[in-house]
Every structure is written in C-alpha cells, then in structure tokens.
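Below is one structure, written out as structure tokens; the observations come after it.
Reminder, nothing fancy here: chain letters follow the sequence lines and each chain counts from 1. Everything numeric in this text was worked out from a predicted model, so none of it was measured. Side-chain atoms are counted along with the backbone in the values below, which use heavy atoms only and exclude waters and symmetry mates.
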There are 2 protein chains.
Amino acid sequence: MKIGDAAAESNLSVKTVRYYADTGLVTPGRSESGYREYDATTVQKLRFVARARGFGFSVAECRELLSLYEDDGRASADVKRIAEAKIEALDRKLAELHELRDELSRVAMACAGDERAQCPILDRFAEI
Amino acid sequence: MKIGDAAAESNLSVKTVRYYADTGLVTPGRSESGYREYDATTVQKLRFVARARGFGFSVAECRELLSLYEDDGRASADVKRIAEAKIEALDRKLAELHELRDELSRVAMACAGDERAQCPILDRFAEI
DNA sequence: ATAGAGGTTCCAGTGAGGGGAGACTTAAAT
DNA sequence: ATTTAAGTCTCCCCTCACTGGAACCTCTAT
C-alpha cells in the first residue's frame, strides 16, 4: 500500500509518515517508480508509534519501545521501566503546571478586570 | 549597564537577553563601541518578561503584556482577559496530561515487570 | 604589552513535523 | 487513446525559544 493509505490506516499525516521513514523509525520498501511501499507489518508499526506518541512518548522513546515491541526476547521489566519514568515525568509536569495555574488564578482573581489601569497581574510580573 | 549584568539582574541568560533585543521585545541603547546598553527601565522590562515567561506565557503573549504594562491608559480588563485565557489553556493541558497519566498508570500497573516478554503496555500500543 | 573576560555578528541545530514548489506517476473519466 | 485529477517524489524554508560555537572586537588588570 502507498503512503496515503498507510497514513490513513495509522491516523497519521502523510508528512509524518514520510518523516518517520526519513528518520528510520520504519523502513518501507520502494516500488519501481520510487513510491514508498507499506506492508501490513510496517503499517502496524506506524499505528504502534501513533498510539505511543499519543501517550506522550517522544519519537526517540517510541523508537526504543518499538525495538522492544519487535524483540521477542524482551523483558517486560524494560518496558515497565520506560513507562514508569514517563509517569514520573508526567507527574512532575502536572505538579508544575498545577502550581502555575493556581498562582495565576489567585492573581487573576484579585484583578478587578475593569477600565482602570491598576492591575495585580501586572504588579505580580513587575514585582521588585 | 552591559548585557552580562542585565542578564544577571533579570535571571536570564545573555543569549536570551540578546534574543529579546534582536526580536524587539526590549530596545537597549548602544555604546560607542557597539555594546548594548541597558538602563534601569529596560532591565525592569526584562525582569517582567522573565516572570511572565515563568508563568507560562509565550514570548508573543509577553510582548502583549509588556505593552499593556507600559500603557498608562490600559484597562485591567485587557490584562485579565489574557490571564484567563491562559488559565483555561492550562486547565485543558492539565486535563489532557492527567488523563494520559492515569491511563498509562493503569496499563503499567498491569505489567508484571519481570523477565518475560508478555507486556500489557506494548499490547496497549499494538492494540488492533 | 599582553592576557583574559566579556562583548559583537553570523551560522547551525534542536523536536516534530507543516507548507508549498516543481516534477513525476498513477488512476479515472472522457 | 487521451486528458485530467489526484497522489507521490524530493527539496527547501518555517515554526518556538532559544543554545552552542566560530571568528572577531573591546575593555580592564597586571
């Protein structure tokens, strides 16, 4: 199957699928005329990567997960370690964003939001 | 004051301060020899931007906030609107990350994490 | 006089693609 | 059989907010 169908079947854009081939994440064949040719296995890998990306894994992490996926001799512990590191990273990010959100919310609440110039939000950013 | 001191006083890197000058976010003067010259007002603007960036605002948003900060005739409503839009964006991001975190956590919990190949995490990504 | 610290410009790269040009191939409609 | 439309190819520039480095210049201290 050609790239357009492979993209549709994996819920990725054609540009993204081409990018994944360019960076060696998947290796489609080539037709005589030079078109990339995707077989079922390769499309399945694309889908795998699309889902892992959706879970917040970087392309580099997807590469690692994909090689474990392809490795019959893998240990599930290796996969779990990657997932747990990602969960911890998500927790850190969540805590940071939450704190930001709360302080911004506090400051915004104190702002009258009228036609006057006085503004606690700007004051907070300008704080000496 | 020269760029190194301005950077130190605003908790930014020299590279960042130069970038902000290149993109017109702040406009330092120039000494005869060509060095950027930062006065107190300009350093204060750098500090303002550094804090706003720390709150998650993009440089473009900082530009907008900075122009309100400099505008004596501003209405605090304009600032509040920007802040509330950012809070809503943060809420959306938080909800998304939280959902991700929880599902990843559920899936990881189901993984034995041993030397066997069977892995619910990979299964989840490979799901048909 | 010279060493070193700090300044200048410009170029390249990051992650993960998106947009578009110009050339080519393929599939469908006439 | 021909034409047209859609799809694909490579290539290059753009994003965001910087960071790193090279080559060169200026200032200060010894």
Side-chain angles (χ1 to χ4, degrees), chain A residues 1-39 42-43 45-66 86 89-90 93 96-97 100, chain B residues 1-39 42-43 45-66 86 89-90 93 96-97 100:
Chain A
M1 116 183 32
K2 292 197 292 260
I3 197 168
D5 294 327
E9 293 216 2
S10 55
N11 284 316
L12 293 169
S13 74
V14 169
K15 280 281 191 183
T16 299
V17 175
R18 203 172 278 134
Y19 173 71
Y20 289 168
D22 286 349
T23 54
L25 195 57
V26 297
T27 50
R30 291 280 181 161
S31 74
E32 279 189 21
S33 60
Y35 284 14
R36 289 174 185 80
E37 190 58 39
Y38 290 83
D39 62 17
T42 310
V43 170
K45 287 183 194 172
L46 286 176
R47 253 188 302 215
F48 180 95
V49 172
R51 297 229 183 71
R53 290 281 296 133
F55 268 93
F57 290 95
S58 70
V59 172
E61 287 165 334
C62 287
R63 194 182 300 271
E64 203 176 349
L65 288 167
L66 198 52
K86 176 58 65 179
L90 281 170
K93 189 75 181 169
E96 182 196 334
L97 290 184
L100 241 52
Chain B
M1 124 185 22
K2 291 198 294 261
I3 197 166
D5 293 327
E9 293 217 1
S10 54
N11 284 317
L12 293 168
S13 75
V14 168
K15 281 281 193 183
T16 298
V17 174
R18 203 172 277 132
Y19 172 71
Y20 288 168
D22 285 349
T23 55
L25 195 56
V26 297
T27 50
R30 291 281 180 158
S31 74
E32 278 189 22
S33 60
Y35 284 15
R36 289 176 185 80
E37 189 59 39
Y38 289 83
D39 61 17
T42 309
V43 171
K45 287 182 195 171
L46 286 176
R47 253 187 304 212
F48 180 95
V49 172
R51 297 228 184 72
R53 289 282 298 134
F55 268 92
F57 290 93
S58 70
V59 172
E61 288 165 333
C62 287
R63 193 182 299 271
E64 202 176 349
L65 289 167
L66 198 51
K86 177 57 65 177
L90 282 170
K93 190 74 182 170
E96 183 196 334
L97 290 184
L100 241 52

> What is the distance, rounded to the nearest whole Å, between atom CG of D5(A) and atom P of dA6(D)?
Replying inline: 16 Å
> Can you name the closest pair of heavy atoms from L46(B) and A6(B) and give their distance?
Replying inline: CD1-CB, 4.2 Å
> Rounded to whole angstroms, how far apart are CD on E32(B) and C1' on dT8(C)?
Replying inline: 16 Å
> Which part of the nucleic acid does S31(A) contact within heavy-atom distance under 4.0 Å: base, sugar-phosphate only, or nothing?
Replying inline: nothing
> Base, sugar-phosphate, or nothing: which does T23(B) touch, judged by heavy atoms less than 4.0 Å apart?
Replying inline: nothing
>> Using modelled atom types and a 3.5 Å cut-off, is there a donor and acceptor pairing between side-chain atoms of K45(B) and backbone atoms of L66(B)?
In response: no
> Hey, is the side chain of R36(A) poking within less than 4.0 Å of OP1 or OP2 on dT10(D), counting only N and O atoms?
Replying inline: yes
>> Counting C-beta onward and ignoring hydrogens, is there a side-chain heavy-atom pair between L25(B) and Y19(B) closer than 4.5 Å?
In response: no
>> Measure CZ/R30(A) against P/dC9(D) and give the value in whole Å, please.
In response: 6 Å
>> Please tell me if T16(A) has a side-chain N or O lying less than 4.0 Å from either OP1 or OP2 of dA16(C).
In response: no
>> Rounding to an integer number of Å, can you tell me how far L46(B) CG sits from dA17(D) P?
In response: 16 Å
> How close or far is atom C1' of dC12(D) from atom CG of D22(A), stated in whole angstroms?
Replying inline: 13 Å
>> Strictly below 4.0 Å: does R63(A) bring a side-chain N or O up to OP1 or OP2 of dG15(C)?
In response: no
> At their closest point, which heavy atom of Y38(A) faces which heavy atom of K2(A), and how far apart are they?
Replying inline: CD1-C, 4.3 Å
> Mapping Y20(A) and Y35(A) to their closest nucleotides on DNA chain C, which lands nearer the 5' end?
Replying inline: Y20(A)
>> With nearest nucleotide decided by heavy atoms, which residue, G4(A) or A60(B), maps closer to the 5′ end of DNA chain D?
In response: G4(A)
>> Measure NZ/K2(A) against P/dC24(C) and give the value in whole Å, please.
In response: 18 Å
> So does R18(A) get a side-chain nitrogen or oxygen closer than 4.0 Å to the phosphate oxygens (OP1/OP2) of dC9(D)?
Replying inline: yes
>> Can you measure Y38(A) atom OH to dG7(D) atom P for me and round it to whole angstrom units?
In response: 16 Å
> Could you give the OH-to-C1' distance, from Y19(A) to dG18(C), as a whole number of Å?
Replying inline: 12 Å
> Going from CZ on F57(B) to CG on L100(A), what distance comes out if it is rounded to the nearest 0.5 angstrom?
Replying inline: 9.0 Å
> For S33(A) and dC24(C), is the shortest distance between a side-chain N/O and OP1 or OP2 below 4.0 Å?
Replying inline: no
